[in-house]
Amino acid sequence: MSDTAFPISRYAIPPLADLPDDIRARILEVQEKAGFVPNVFLALAHRPDEFRAFFAYHDALMLKDGGLTKGEREMIVVATSAANQCLYCVVAHGAILRIYEKKPLVADQVAVNYLKADIPPRQRAMLDFAMKVCTASHEVGEADFDALRAHGFSDEDAWDIAAITAFFGLSNRMANTIGMRPNDEFYLMGRVPKAK
């Protein structure tokens, strides 16, 4: 079934031609690169100032260099979004995770139960920290930082893990509230080889 059979958000999606130039350019750039427009771009365009702020912070967290790989960043999103029961983020970021890690099973494993996933102890420790930030941030203490350090993570990496978790907590709550639907394209990405 096409995702057009259901609305992608409970709020109106503005026509591309009516969007501010910078937002329209960003959406067209993503469409050129991905071959489709992820629904998050269309749904958040409902409020241009918040669109700009959201994607500026997203890019600062997810596109930066640091001690976390792009795959690990996506793994944090998938695990914590599953804990927050966010269909959009689990499906969309699960697709990106599969592509970055080149593992067709990893996103499903991480979303359902990262403790049983085929990931190394370093990534399990990273997700232990992320899940604590997600579900019990008031309990985070020095022992949690020590556990990360034992796997080679720096305190700056811990900041990144926490920031990604917190940012996507916002994203999860908005996606759930506005009924944002994942694009159909995400479901198969990274699961089957691309047609040549």
Checklist entry - Between Lys70 and Asp65, is there a side-chain N and carboxylate O pair less than 4.0 Å apart? => result no

Checklist entry - Can you find a heavy atom in the side chain of Leu68 that is under 4.5 Å from one in the side chain of Met126? => result yes

Next on the checklist: I'd like to know if the side chain of Asn113 reaches the main chain of Leu115, judged simply by a donor and an acceptor atom lying under 3.5 Å from each other, with no hydrogens or angles considered.
Outcome noted: yes

Item to check | Minimum heavy-atom distance between Phe41 and Phe51, given as atom pair plus value | outcome: O-CE1, 3.3 Å

Checklist entry - Is any side-chain N of the basic residue among Glu72 and Arg122 closer than 4.0 Å to the acidic one's carboxylate O? => result yes

Next on the checklist: Using the rule that Ile, Leu, Val, Met, Phe, Trp and Tyr join whenever any side-chain heavy atoms are under 4.5 Å apart, tell me whether Trp159 and Met131 fall into a single cluster.
Outcome noted: no

Checklist outcome for this item: Which of Leu127, Asp118, Ile76 passes side chain to side chain contact (heavy atoms under 4.5 Å, CB included) with Val110? It is Leu127

Checklist entry - What is the minimum heavy-atom distance between Ala107 and Leu97, and which atoms define it? => result CA-CD2, 3.8 Å

Item to check | Residue pair Asn84 / Ser81, side-chain donor-acceptor N/O under 3.5 Å | outcome: no

Item to check | Arg149/Asp155 salt bridge by N-O under 4.0 Å criterion | outcome: yes

Checklist entry - Looking at CD1 of Ile23 and CG of Leu16, how far apart are the two atoms once the value is rounded to the nearest 0.5 Å? => result 10.5 Å

Checklist entry - If you draw a 6.0 Å radius around CZ in Phe55, do more than 12 non-hydrogen atoms from other residues or ligands fall strictly inside? => result yes

Checklist entry - Ser171 and Cys86: side chain to side chain contact (heavy atoms under 4.5 Å, CB included), yes or no, with the steps? => result CA-CA 9 Å; Ser171 181; Cys86 180; 5.9 Å; no

Next on the checklist: Show, in sequence, the C-alpha distance, side-chain angles and deciding distance for Phe54 and Phe167, and conclude whether the ring-ring contact (aromatic ring centres under 6.0 Å, His included) test is met.
Outcome noted: CA-CA 9 Å; Phe54 180 92; Phe167 175 76; 4.8 Å; yes

Checklist entry - If we only count heavy atoms from C-beta on, is the Asp128 to Tyr114 side-chain gap below 4.5 Å? => result yes

Next on the checklist: Quick check on the hydrophobic clustering: are Ile119 and Tyr100 connected, directly or via other members, by side-chain heavy-atom contacts under 4.5 Å?
Outcome noted: no

Checklist entry - Between the main-chain N or O of Val37 and the side-chain N or O of Asn183, is there a donor-acceptor pair closer than 3.5 Å? => result yes

Item to check | Inter-residue atom distance Ile161.CD1 - Phe129.CZ, 0.5 Å rounding | outcome: 6.0 Å

Next on the checklist: Given 3.5 Å as the limit, does a donor-acceptor pair link the side chain of Arg26 with the main chain of Arg52, or not?
Outcome noted: no

Next on the checklist: Within the 4.5 Å heavy-atom criterion, are Gln109 and Lys116 side-chain neighbours or not?
Outcome noted: no

Next on the checklist: Looking only at the aromatic ring of each residue, does the gap between the centers of Phe145 and Phe153 stay below 6.0 angstrom?
Outcome noted: no

Checklist entry - How far apart are the closest heavy atoms of Ala43 and Met180, and which atoms are they? => result CB-SD, 3.6 Å

Checklist entry - Is there a donor-acceptor pair under 3.5 Å between the side chain of His46 and the backbone N or O of Ala12? => result yes

Next on the checklist: Quick check on the hydrophobic clustering: are Val140 and Leu148 connected, directly or via other members, by side-chain heavy-atom contacts under 4.5 Å?
Outcome noted: yes

Item to check | Heavy-atom closest pair, residues Gly94 and Val78 | outcome: N-CG2, 3.5 Å

Item to check | Verify same cluster id: Leu28, Leu42 (apolar side-chain graph, 4.5 Å) | outcome: yes

Checklist entry - Is Asp160 salt-bridged to Lys64, cutoff N-O under 4.0 Å? => result yes

Checklist entry - Would you find a donor on one side and an acceptor on the other, under 3.5 Å apart, between the side chain of Arg191 and the backbone of Tyr187? => result yes

Checklist outcome for this item: Paired with Ile96, the side chain to side chain contact (heavy atoms under 4.5 Å, CB included) test is passed by just one of Arg73, Glu74, Met62, Met75, namely Glu74

Checklist entry - Does Arg98 use its side chain to pair, donor to acceptor, with the backbone of Leu105 at less than 3.5 Å? => result no

Checklist outcome for this item: For Asp144 and Gly141 the tightest heavy-atom approach is OD2-N, 2.7 Å

Item to check | Rounded distance (nearest 0.5 Å) linking atom CG of Asp22 with atom CD1 of Ile27 | outcome: 9.5 Å

Next on the checklist: Let me check something: do Val90 and Met189 share a hydrophobic cluster, defined by ILVMFWY side-chain heavy atoms less than 4.5 Å apart, either directly or through other members?
Outcome noted: no

Checklist entry - Hey, are Asn176 and Tyr88 close enough side-chain-wise for a donor-acceptor pair under 3.5 Å? => result no

Item to check | Atom pair OH (Tyr11) and CG (Leu44), whose distance is rounded to the nearest 0.5 Å | outcome: 12.5 Å

Checklist entry - Between Phe36 and Asp184, is any pair of side-chain heavy atoms under 4.5 Å apart? => result no

Item to check | Close aromatic pair by centroid cut-off 6.0 Å: Phe168 and His93 | outcome: yes

Next on the checklist: Counting only heavy atoms not in Gln31 (residues, nucleotides, ligands), do more than 12 fall under 6.0 Å from its CD?
Outcome noted: yes

Checklist entry - Taking side chain as C-beta onward, heavy atoms only, is Tyr57 less than 4.5 Å from Leu170? => result no

Item to check | Nearest heavy atoms of Val91 and Pro182, plus distance in Å | outcome: CG1-CB, 3.7 Å

